[in-house]
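Some notes on the structure that comes next.
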Amino acid sequence: MRLYWNIHAPGEDSGGSMKNPSPDDVMDRLDGMERHAGVVGLDDPATLSNLQVRGERQTCLLTLGCEEEGDYDVKTPYCATTAPDMIPVLGDLYDARTLTADFGFVRAIFRLFLAGERNPDGMV
């Protein structure tokens with residue numbers, strides 16, 4: 001497993017990567033991203049899967065990519081009751097129905113990924 005991050009804090013950016021991170025290492029990077037803006041992700045070469053969160057202004061895009069039956073499938077949370085609108089996150093536009101402001105949910109999905117779960121509830 002590999003952790004990578006790029007966090008944009010006022011006056012100071014930080015980024016890097018780390019092999020075999022502890023859950024605390026991951027949560028520390030998520031803390032920094034939640035307070036500021038940036039990207040935090042996990043790559044699992046053993047299962048050809050990747051979990052990434054991109055966010056700013058308390059708005060996050062959470063994506064889970066997995067190899068499934070020879071295809072690479074990317075999942076995001078989806079809220080059908082949210083109005084379809086395009087929202088900027090780190091300079092790119094995303095459908096508002098695929099964004100979340102619930103950072104507790106983001107943390108929970110990262111914990112599940114660290115525990116080996118590759119198809120958590122809430123990701124479609």
Show me the donor-acceptor pairs, under 3.5 Å and distance only, between side chains in residues 94-109 and residues at least two apart or in other chains.
residue, atom, partner, partner atom, Å
Tyr94, OH, Arg54, NE, 3.3
Asp95, OD1, Arg97, N, 2.8
Asp95, OD1, Arg97, NE, 3.0
Asp95, OD2, Arg97, NE, 3.1
Asp95, OD2, Arg97, NH2, 2.5
Arg97, NH1, Tyr78, OH, 3.4
Thr98, OG1, Asp95, O, 2.7
Thr100, OG1, Asp102, N, 3.0
Asp102, OD1, Gly104, N, 3.1
Asp102, OD1, Phe105, N, 3.1
Arg107, NH1, Asp31, OD1, 3.0
Arg107, NH2, Asp31, OD1, 2.7
Arg107, NH2, Glu34, OE1, 2.7

Could you pull out all donor-acceptor pairs under 3.5 Å where a side-chain atom in residues 5-18 meets a protein atom, sequence neighbours excluded?
none

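Each of Leu3 and Val39 belongs to its own hydrophobic cluster when Ile, Leu, Val, Met, Phe, Trp and Tyr are linked at side-chain heavy-atom distances under 4.5 angstrom. Criterion: ILVMFWY side-chain heavy atoms under 4.5 Å apart, direct or through other members. Under it, Ile87 and Val53 are not part of a common hydrophobic cluster. Under the 4.5 Å side-chain heavy-atom criterion for Ile, Leu, Val, Met, Phe, Trp and Tyr, Met33 and Phe113 are members of the same hydrophobic cluster. In the hydrophobic clustering of this structure, Leu64 does not group with Val89; members are Ile, Leu, Val, Met, Phe, Trp, Tyr whose side-chain heavy atoms approach within less than 4.5 Å, directly or through other members.
With sequence neighbours left out, Gln58 forms a side-chain hydrogen bond (donor to acceptor under 3.5 Å, both in side chains) with no residue at all. Asp44 pairs by the salt bridge (charged side-chain N to carboxylate O under 4.0 Å, His left out) definition with Arg118, not counting sequence neighbours. The side-chain contact (heavy atoms from CB on, under 4.5 Å) check on Pro23 picks up Leu114, with sequence neighbours excluded.
In summary, the side chains of Asn50 and Tyr4 do present a donor paired with an acceptor at a separation below 3.5 Å, with no hydrogens or angles considered.
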Assess the residue pair Leu42 and Arg2 against the criterion (side-chain contact (heavy atoms from CB on, under 4.5 Å)); give the C-alpha distance rounded to whole Å, side-chain angles, the decisive distance to 0.1 Å, and a yes or no. CA-CA 6 Å; Leu42 290 171; Arg2 182 179 72 91; over 6 Å; no
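Looking only at side-chain heavy atoms (C-beta outward), Pro88 and Arg57 come within less than 4.5 Å of each other. Proximity of Arg111 to Glu117: side-chain heavy atoms (C-beta onward) are nowhere separated by under 4.5 Å.
Atom OG of Ser49 sits about 7.0 Å away from atom CE of Met1, to the nearest 0.5 Å.
Considering Asn20, Val26, Asp24 as possible partners of Ser22, the one that fulfils the side-chain contact (heavy atoms from CB on, under 4.5 Å) test is Asp24.
The two residues Phe110 and Val40 have their closest heavy-atom pair at CZ-O, 3.7 Å.
Other residues sharing the hydrophobic cluster of Met86, ordered by chain and number and joined by side-chain separations under 4.5 Å: Leu93.
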